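Structure first, commentary second.
We name chains A, B, ... by the order of the sequence lines, and we start the count at 1 in each one. The model shown is predicted, which means the values in this text are computed figures rather than measured ones.
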Amino acid sequence: MKAARLKELGVPAGIGVDAALGGVKQAMKSGQTVEDVEQAILAVVDAPKLLTEDEVWGNLARTIVRVTEARARFSGRDEAAPWQQWGDNFEPAAIDQMAQACKLPISVAGALMPDAHVGYGLPIGGVLATDNAVIPYAVGVDIACRMKLSVLDLLVPDIVAYQEDLIEALEKETRFGTGCTFKPGRQHEVMDDPAWEEIPILRKHHNKAAKQLGTSGGGNHFVEFGVLEVLSEDLGIGRGKYVAMLSHSGSRGTGEKVAKHYSALARQLHPELPEELSHLAWLDMDSPEGREYWQAMELMGRYSAANHELIHKHVVDHLGCEVLAGVENHHNFAWKEAHKGREVVVHRKGATPATNGVLGVIPGSMATSGFVVRGKGNEEGLNSASHGAGRAMSRVEAERRFTWAEANEFLKKKKVHLVSGGLDEVPMAYKDIEAVMAAQEDLVEQVARFEPRLVKMAPSGKVSSRRRKERQQRKRK
DNA sequence: ATGTGC
């Protein structure tokens, strides 16, 4: 049974739905039909106080009572925290999510970046400063998702001349797709961090995390080679054209488990939040839960950095070249920063840190420009910028609307060789990166422009997992 | 962005 149906039946969103799903599972196991289950849920919703001791539905009944009482006591704030947007090419729902986030009692200020689109709780491209509280879903599911660019001592024509070697390096030295691992795993001292032992959710996933070190994952993640046109002296290598390698990856499966674990915990601690705020449940920074999340989040930060470090090290070693310069940054993370003289927690969910003088990387798409940028320290913009061009449509919509014939035409025109990737990631599915950059001229300065030439991404998710299953089934036979 | 239980 889906969450939407449970809400139709009157189950409160968030922990109400969580509790209901538990009951549904139990009832279905004991052989009840969907109709029986729906009747039972209606009865609980109608009179939860009568059913708090019920064997199957007691937890749902108690949760509804708790949520109802807490929400009755909750009163929103009189005035939302101030926020501004950069650009005007947004879905109304993304703007609404930003506005809702600023109504949280803990919110201090917000900023919506020009690549923003709808996400869980806070939009992707949303920045939120809070007072002594951290919101797991305002950091994002892929905690510490990160960009890393290395300038290599190759010549621009080498991208074509040594194309086969570059492809081989990508194929052998990282992995793509949901659930991908290295066997045997890559080695890195980040795996010896004491936090893996101290925090149960980390201990549980330590093994998987070890196997996923150095992998790139799926979705919009990629590793690519391209031409970097350096426009300023910031990188310390002089102006001109260079070959660079750019990777986009994060904390893989472990980060997701951490995000979901603490978000569920935060929701349990905040039954008072109305439905539209329920995905924005927070943890107090002074509470044991908040401190533990922060510790886990920071480890995910070091883990993600190690991930990129290994990808670059192994690819560079494979090619036998040298690294001349580099830039890297998280774009799903939270930081303790000063805002207008006050210490706040700044959540950047799909947003690049852009404190004055700080360098960052903003990718476009597989066949449009990316940028190395220098922050301008715009205080109203919460020292942030976009983390890319931003999706112009959903993945499903992109798969429906475009064909590979069109996409290949685009790639050919831009001289991009796509080793693998999904139709849901084609450039036409993204907003215009030039317009996005123009909308944030007061947030960042352009330091270099990057043109992708040789790109590897995960092949389209659903297809590959179906094929994997079919292969496994064939093996069994 | 990510897998997991059927």
Side-chain angles (χ1 to χ4, degrees), chain A residues 1-2 21-22 24-31 34 115-126 136-147 174-182 201-202 204-205 207-209 211-223 247-264 279 296-297 300-301 303-304 307-308 311 330-333 347-351 363 365-366 387-388 390-391 394-396 398-399 421-422 424-425 429-430 456-473 476:
Chain A
M1 196 171 293
K2 294 219 167 93
L21 285 170
V24 170
K25 216 175 187 178
Q26 212 180 324
M28 299 290 267
K29 255 187 195 164
S30 72
V34 174
D115 60 337
H117 51 100
V118 171
Y120 280 122
L122 197 68
I124 295 150
Y137 267 8
V139 169
V141 173
D142 187 6
I143 300 174
C145 190
R146 188 174 174 93
M147 302 301 308
T174 184
R175 294 282 184 271
F176 287 88
T178 310
C180 65
T181 55
F182 267 107
I201 188 75
L202 293 174
K204 192 174 164 189
H205 297 288
N207 208 5
K208 171 176 61 188
K211 287 191 292 190
Q212 291 190 325
L213 262 179
T215 64
S216 297
N220 58 359
H221 288 179
F222 60 78
V223 183
S247 56
H248 182 197
S249 181
S251 51
R252 308 285 292 98
T254 309
E256 182 216 4
K257 295 294 181 198
V258 170
K260 289 193 171 160
H261 174 79
Y262 290 98
S263 184
H279 273 119
M297 180 196 79
M300 290 301 94
Y303 175 75
S304 173
N307 225 357
H308 283 271
I311 294 169
H330 294 319
H331 54 220
N332 283 10
F333 211 65
H347 304 72
R348 295 189 178 90
K349 182 181 184 177
S365 71
M366 59 168 75
H387 81 313
R391 294 200 72 86
S394 71
R395 295 181 180 282
V396 177
E399 300 256 10
D424 53 347
E425 283 293 331
Y430 279 87
K456 186 158 170 60
M457 304 182 78
S460 210
K462 280 177 188 165
V463 177
S464 73
S465 77
R466 201 181 303 138
R467 280 192 192 147
R468 199 158 53 225
K469 270 181 207 167
E470 283 165 7
R471 239 180 274 140
Q472 280 168 356
Q473 275 166 2
R476 275 183 216 134

What is the distance, to the nearest angstrom, from the NZ atom on A/K208 to the P atom on B/dT4? 5 Å
Parallel, tilted or perpendicular, judged at 30° and 60°: which one describes the rings of A/Y120 and A/H279? tilted
Show which side-chain atoms of residues 254-264 of chain A pair as donor or acceptor with protein atoms under 3.5 Å away, not counting sequence neighbours.
from, atom 1, to, atom 2, distance (Å)
A/E256, OE2, A/K260, NZ, 3.0
A/Y262, OH, A/E292, OE2, 2.6

Between atom NZ in A/K211 and atom P in B/dT2, what is the gap in whole Å? 16 Å
In whole angstrom, what separates A/K29's NZ from B/dG5's P? 10 Å
Distance, rounded to the nearest Å, where A/N207 contributes CG and B/dG3 contributes P: 14 Å
Do the side-chain N or O atoms of A/K257 get closer than 4.0 angstrom to the phosphate oxygens (OP1, OP2) of B/dT4? yes
Rounded to the Å, how far apart are A/M457 CE and B/dT2 P? 11 Å
Distance, rounded to the nearest Å, where A/K204 contributes NZ and B/dG3 contributes C1': 13 Å
Separation of B/dT2 atom P from A/I124 atom CD1, nearest Å, is 13 Å
Side chains of A/H331 and A/H248: closer than 4.5 Å at any heavy-atom pair? yes
Rounded to whole angstrom units, what separation is found between the OH atom of A/Y120 and the P atom of B/dT2? 14 Å
Pairing residues for A/R395 by the side chain to side chain contact (heavy atoms under 4.5 Å, CB included) criterion, not counting sequence neighbours: A/N220, A/R391, A/D424, A/E425
